Amino acid sequence: MDLKIVGRHALVCGASRGLGFACAEALAANGVRVTLVARDITDLGTAAKRIRARTGARAEIIGADLSTEAGRDAVLQVCQAPDILVTNAGGPPSGDFRKLSREHWIEALDANFINPVEMIRRTIDGMIEREFGRVVNITSMTVRVPVVDLDLSTATRLALTGYVAGVARRVARSNVTINNLLPGTIATERVKQLGDMARRLIDTVPAGRAGTPAEFGEACAFLCGASSGFITGQNLLVDGGLCSLTI
Ligand code: NAD
C-alpha cells in the first residue's frame with residue numbers, strides 16, 4: 001500500500017528504542033525523512049544508523065528531555081515545520097496510590113501530558129497552513145482498561161485523550177489529523193524486563209502472543225498516510241484483542 005508520504009518530514013519523540021523507534025523506522029521505510037528525539041545522544045546515534053541502513057532514508061537526531069520546556073525549545077528550534085509528529089516518552093512508574101506525592105504527579109504530567117500537548121500546540125499551525133498534518137500520540141491500553149497501580153500512567157494519558165478529543169475536531173478541516181495509538185503487550189525491551197507480570201498478561205491476549213514493535217510502527221505509519229485524512233480523534237488499540245475481553 002502506497003501511503004503517499006514520500007518526502008514528508010516526521011518528528012518522532014522517544015525514538016531511541018521501543019515503540020518510538022518502531023514508528024520512526026516504519027515512516028522511514030515509507031520514504032519519510034525522520035528526526036528522532038530522546039535524551040541519550042549515543043543511543044539515538046545507534047538508532048538513526050540502524051534506520052538509515054535498513055531504509056536508506058534520512059534520519060537526524062536531537063538529544064533533549066521532552067518533559068522540560070528547555071528540551072522542547074531545543075527540539076523545535078532545529079525541527080520547526082514537521083508534517084508528521086509522533087509524541088511519546090517513557091511511561092511513569094507503577095505504585096500504590098497512597099504513596100504518590102505531588103512531585104510524582106508533576107513528573108508524570110510533564111512527561112506524558114504537557115510534553116505532547118506542547119509539542120502539538122507548537123507544530124500544528126504550520127500543518128494547518130500547509131494543509132497537511134498527522135499527529136499520532138503513543139498512549140496506552142490503560143486508557144480503555146485501567147490497570148491497578150498504574151494510576152500515574154492511566155490518569156495522565158486520559159488527560160491527553162480528553163485534550164485530543166476536542167483539538168482534533170478543531171483542526172480537522174485543514175487535513176490535519178490527531179489520533180492516539182494505544183499499545184498493549186508490545187514486546188519492547190522495557191516490556192520484556194517486566195518479566196512475570198508481562199508474561200501473565202501476554203498469556204491472556206486473544207491473539208496468543210505479544211505484539212511486535214514493527215506491527216505497532218506499521219499502524220502508526222498507516223495513520224500518517226495521505227489517505228488516512230478521514231480518521232481523526234480516534235483511540236486505536238494495538239493489543240491483539242486484549243482489551244475487548246475485559247470491557
Ligand atoms: P521505552 O521506555 O522502551 O522507550 C521510551 C523512549 O522514550 C526511549 O527512547 C527513551 O529514551 C525516550 N524517553 C523517555 N523519556 C523521555 C524524555 N523525557 N524526553 C525524551 N525522550 C524520552 O518504552 P516503550 O516500551 O517503547 O513504550 C513507549 C510508551 O508506550 C511508554 O510511555 C509506555 O509506557 C507506553 N506503553 C507501552 C506498552 C507496550 O506494550 N510496550 C503498553 C502500554 C503503554
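Everything quoted here is computed from the prediction, not taken from an experiment. Hydrogens, waters and symmetry mates are skipped; everything else that's a heavy atom, side chains included, is used.
Heavy atoms only, all atoms of each residue included: S227 and K4 are closest at OG-NZ, 4.3 Å. Here the closest heavy-atom approach between residue A24 and residue L36 is recorded as CB-CD2, 3.4 Å. Heavy-atom minimum distance, G20 versus V12: O-CG1, 3.4 Å. Counting all heavy atoms, side chain and backbone alike, A28 lies closest to I51 at CB-CG2, 3.6 Å. Between S67 and D110, the shortest heavy-atom distance links the atoms O-CB, 3.6 Å. The nearest pair of heavy atoms linking V205 to G240 is CG1-O, 3.6 Å.
In this structure, the side chains of L100 and W105 come closer than 4.5 Å at one or more pairs of heavy atoms. The shortest distance between side-chain heavy atoms of N112 and P92 falls below 4.5 Å. Side chains of R173 and I128 form no contact here, defined as non-hydrogen atoms less than 4.5 Å apart. Counting heavy atoms from C-beta outward, P183 and V238 have side chains that stay 4.5 Å or more apart. Side-chain contact between T185 and V191 is absent, with no heavy-atom pair separated by less than 4.5 Å.
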Exercise. I178 and I120: side-chain contact (heavy atoms from CB on, under 4.5 Å), yes or no, with the steps?
Worked result: CA-CA 9 Å; I178 313 179; I120 292 169; 4.3 Å; yes
For this session: Begin with the C-alpha distance, continue with both residues' side-chain angles, and end with the deciding distance and a verdict on side-chain contact (heavy atoms from CB on, under 4.5 Å) for M119 and L85.
Result: CA-CA 8 Å; M119 293 303 285; L85 168 69; 4.0 Å; yes
For this session: Check the pair I124, V171 against side-chain contact (heavy atoms from CB on, under 4.5 Å), reporting the backbone distance first and the verdict last.
Result: CA-CA 8 Å; I124 206 143; V171 300; 4.1 Å; yes
Exercise. Going through the distances and angles, do I186 and L19 end up as a side-chain contact (heavy atoms from CB on, under 4.5 Å)?
Worked result: CA-CA 8 Å; I186 309 290; L19 303 182; 3.6 Å; yes
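At a threshold of 4.0 Å, the pair R130-D83 counts as salt-bridged, since one of the basic side-chain nitrogens sits closer than that to a carboxylate oxygen. Between D149 and K99 there is no salt bridge, since no side-chain nitrogen of the basic residue lies less than 4.0 Å from a carboxylate oxygen of the acidic one. Ion pairing between a basic and an acidic side chain is recognised when a charged N comes within 4.0 Å of a carboxylate O; E25 and R54 show such pairing. A salt bridge does not link D203 with R200: none of the charged nitrogens is closer than 4.0 Å to a carboxylate oxygen. Of the charged side-chain nitrogens involved, none lies within less than 4.0 Å of a carboxylate oxygen, so that E69 and R72 do not count as a salt-bridged pair.
Looking at T156, its side chain does come within 3.5 Å of a backbone N or O of L152 through a donor-acceptor pair. Remark: side-chain polar atoms of S140 are not paired, donor with acceptor, to backbone N or O of V143 under 3.5 angstrom. In this structure, S153 contributes its side chain and L150 its backbone to no donor-acceptor pair below 3.5 Å. N88 places no side-chain N or O within donor-acceptor distance of the main-chain N or O of I138, the cut-off being under 3.5 Å. Counting only distance, with no hydrogens or angles, the side chain of R52 and the backbone of A57 share no donor-acceptor pair below 3.5 Å. Listed for the N179 side chain is a donor-acceptor partner under 3.5 Å among the backbone atoms of I231. A donor-acceptor distance shorter than 3.5 angstrom exists from the side chain of R134 to the backbone of G225, with no hydrogens or angles considered. Put simply, the side chain of T177 never gets that close to the backbone of G229: no donor and acceptor are under 3.5 Å apart. When atom types are taken as modelled, the side chain of E129 and the backbone of G126 share no donor-acceptor pair closer than 3.5 angstrom. The backbone N or O of V145 lies less than 3.5 Å from no partner atom in the side chain of T142, so there is not a single donor-acceptor pair.
Atom CD1 in I114 sits 10.5 Å away from atom CZ in R121 (nearest 0.5 Å). One distance of note links CG of L237 with CG of L182; it measures 5.0 Å at 0.5 Å rounding. Atom NE2 in H9 sits 11.0 Å away from atom CG in L27 (nearest 0.5 Å). F113 CZ to E118 CD: the interatomic distance, rounded to the nearest 0.5 Å, is 10.0 Å. Interatomic distance, CG of D43 versus CG of D40, reported as 4.0 Å (0.5 Å rounding). One distance of note links CG of D151 with CG of D96; it measures 8.5 Å at 0.5 Å rounding.
The cluster map of Ile, Leu, Val, Met, Phe, Trp and Tyr, joined by side-chain heavy atoms under 4.5 Å apart, puts V136 and V117 in different clusters. The cluster map of Ile, Leu, Val, Met, Phe, Trp and Tyr, joined by side-chain heavy atoms under 4.5 Å apart, puts I5 and L236 in the same cluster. No path of Ile, Leu, Val, Met, Phe, Trp and Tyr side chains, each step under 4.5 Å between heavy atoms, connects Y163 with L158, placing them in separate hydrophobic clusters. In the hydrophobic clustering of ILVMFWY residues, with side-chain heavy atoms under 4.5 Å counting as a link, L44 and V78 come out apart. Under the 4.5 Å side-chain heavy-atom criterion for Ile, Leu, Val, Met, Phe, Trp and Tyr, V164 and L223 are members of distinct hydrophobic clusters.
When each of V37, V86, V34 is checked for a side chain to side chain contact (heavy atoms under 4.5 Å, CB included) with L11, only V37 meets the rule. The only member of T87, T139, N235 that meets side-chain hydrogen bond (donor to acceptor under 3.5 Å, both in side chains) when paired with N180 is N235.
Atom CZ of R170 is surrounded by 12 or fewer heavy atoms from other residues, nucleotides or ligands within 6.0 Å. Surrounding CD of E107 are at most 12 heavy atoms belonging to other residues, nucleotides or ligands under 6.0 Å away.
Side-chain contact annotation: R157 with T161, donor-acceptor N/O pair under 3.5 Å absent.
Under a cutoff of 6.0 Å and an axis angle of 45°, R50 and F21 form a cation-pi pair.
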